[in-house]
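Working notes, structure below.
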Amino acid sequence: MVSSLSMTVDLGGIKMRNPLNTASGTFGNGVQFEGFYDVGATLGAITCKGVAAEPWDGNPAPRLAELPSAIMNSVGLQNPGVHGFVGRYGAYLAGLREKGCQVICQIAGHSIDEYVRATELFEELAPFASGFEVNISCPNIAAGGAAMGATPRAAAQVMAAVRPHTSRPVVVKMAPHDVAEIGRALESEGADALSLINTIPGMAIDINTRKSRLARATAGVSGPAIHAIAVRMVWECAQAVSIPLCGIGGVASGADAAEMILAGATAVSIGTANLYDPTCAPRILAELEEWAEDQGVTDINELIGAFEC
Ligand SMILES: Cc1cc2nc3c(=O)[nH]c(=O)nc-3n(C[C@H](O)[C@H](O)[C@H](O)COP(=O)(O)O)c2cc1C
């Protein structure tokens, strides 16, 4: 039987063939996964690694630690700058667009001026970008990152500064706190969509050396252990704003993605699961489709926010 289920969703003007996206920093820039499946023919969108106007080195190693059901990272937004990024990945990403997979470029900065400069450069050099994601939530950098999204006022200032520099859709990547209040502030400054959550700051101590297991004292926790927290935050944010959300956090199965959708997410990103199961996206998509069919709907949009309290 041919399925009549429509999986198409609209993430603030980014028209996705299905709700599956990838979480920034966990999927390279797509090409690294081509050996596992046809990225452009499978995903609704990919979100690229955070990129600043100029190259950043990131933090010293070790930058990753494994925990039960989670990992911790303190990569610190290592990136080649917009020119380097476009030179290395532009042709590949343009090819993804041709295959019907949307490309979301992530913008990083240490200051409002740097966010604006990166947006200007992307606008000029990246015609392949379907839209942008502004990262105001990285917990692993000393200036910018999470500090830019720590309060509604700070988050709104970044959004207000970036907005005039692009007419393409702007998604804002939020930190795991005050998501209702900060979401409302971002919506009022013209954000087209919100994505949440970024990693949750944590610590892992080597009890023999008494030092951190990573080079920095704190790092971002991600993976299945944070899923329930992320679903709760998506639900809280969905009740506060009317722009669409992309749910992120510990998604490793179709059921996890379905929970995000029921909580109010229009799209769902796969993050850490890409790292320990690089073939997971086609399986998660098939499981999500099967669930939607079992729910008796003909359009996945009917299930967005369908959680009953
Ligand atoms: C190694 C690594 C690198 C990451 N890099 C970024 C990044 O560049 N920008 C960003 O917004 N989030 C970054 N994240 C956070 C993820 O995009 C995602 O928000 C978080 O991991 C939660 O989702 P998950 O539990 O499915 O991994 C990174 C996460 C990991 C594990």
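One-based numbering, in listed order, for ligands and for the atoms of each. Quantities reported herein were computed from a predicted structural model and do not represent experimental measurements.
- Of all the atoms in ligand 1, the ones that sit under 4.0 Å from a non-hydrogen atom of Ile226 are 22 (C), 25 (O).
- Of the protein's non-hydrogen atoms, the one nearest atom 6 (C) of ligand 1 is Ser24 O, 3.0 Å.
- Under 4.0 Å from ligand 1, the heavy atoms of Ile197 that appear belong solely to its backbone.
- Counting only heavy atoms of the protein, atom 21 (O) of ligand 1 lies nearest to Ser222 CB, 3.2 Å.
- Within ligand 1, counting atoms from 1 as listed, the ones closer than 4.0 Å to a heavy atom of Thr199 are 15 (C), 20 (C), 21 (O).
- A side chain to side chain contact (heavy atoms under 4.5 Å, CB included) with Asn135 is found for exactly one of Ile107, Val51, Leu77, namely Leu77.
- Between the side chain of Arg213 and the main chain of Glu66, a donor-acceptor pair closer than 3.5 Å is present.
- Val179 places none of its side-chain heavy atoms less than 4.5 Å from the side chain of Trp235.
- The nearest heavy-atom contact from the protein to atom 8 (O) of ligand 1 is Lys49 NZ, 2.9 Å.
- Under a 4.0 Å criterion applied to the non-hydrogen atoms of Ala23, ligand 1 contributes the atoms 16 (C), 17 (O), 18 (C).
- The two atoms that bring Pro139 and Thr199 nearest to each other are CG-OG1, 3.2 Å, heavy atoms only.
- Listed by number with element, the atoms of ligand 1 under 4.0 Å from a non-hydrogen atom of Ile248 are 18 (C), 19 (O), 22 (C), 23 (O).
- Within the set Gly25, Gly220, Ala146, the minimum heavy-atom distance to atom 3 (C) of ligand 1 is found for Gly25.
- Listed by number with element, the atoms of ligand 1 under 4.0 angstrom from any heavy atom of Gly250 are 24 (P), 25 (O), 26 (O).
- Proximity annotation for atom 29 (C) of ligand 1: of Leu275, Asn73, Thr272, Val134, Asn73 comes nearest, heavy atoms only.
- Atom 15 (C) of ligand 1 has its closest protein heavy atom at Asn198 OD1, 3.3 Å.
- The distance from ligand 1 to the heavy atoms of Gly50 drops below 4.0 Å at these ligand atoms: 8 (O).
- Ring planes of Phe85 and Phe122: perpendicular class, angle over 60° (limits at 30 and 60°).
- If you check which protein heavy atom lies closest to atom 12 (N) of ligand 1, you get Lys173 NZ, 3.1 Å.
- Counting atoms of ligand 1 from 1 in the listed order, those under 4.0 Å from a heavy atom of Ile71 are 31 (C).
- Ion pairing of Asp178 with Arg184 is absent here, as no side-chain N (NZ or NE/NH1/NH2) approaches a carboxylate O to less than 4.0 Å.
- Residue-ligand proximity, Leu77 to ligand 1, at heavy-atom distances under 4.0 Å covers atoms 7 (C), 8 (O), 9 (N).
- Every N/O-N/O distance between Ser137 and ligand 1 stays at or above 3.5 Å.
- Not one N or O of Ser269 is nearer than 3.5 Å to an N or O of ligand 1, by distance alone.
- Asp10 has a carboxylate O that lies under 4.0 Å from a charged side-chain N of Lys15, or vice versa, which qualifies the two as a salt bridge.
- Heavy-atom neighbours of Glu287 CD from other residues, nucleotides or ligands within 6.0 Å: above the threshold of 12.
- For the side chain to side chain contact (heavy atoms under 4.5 Å, CB included) criterion with Leu43, the lone passing option out of Thr22, Asn18, Asp38 is Thr22.
- With salt bridges taken as basic N to acidic carboxylate O contacts below 4.0 Å, one links Glu123 and Arg168.
- Under a 4.0 angstrom heavy-atom cut-off, Cys138 registers as lying outside contact with ligand 1.
- Not one N or O on the side chain of Gln106 forms a donor-acceptor pair closer than 3.5 Å with the backbone of Phe132.
- Atom 9 (N) of ligand 1 has its nearest heavy-atom neighbour, among His227, Gln106, Glu133, Met174, in Gln106.
- Side-chain contact between Phe128 and Cys105: present, with at least one pair of heavy atoms (C-beta onward) separated by less than 4.5 Å.
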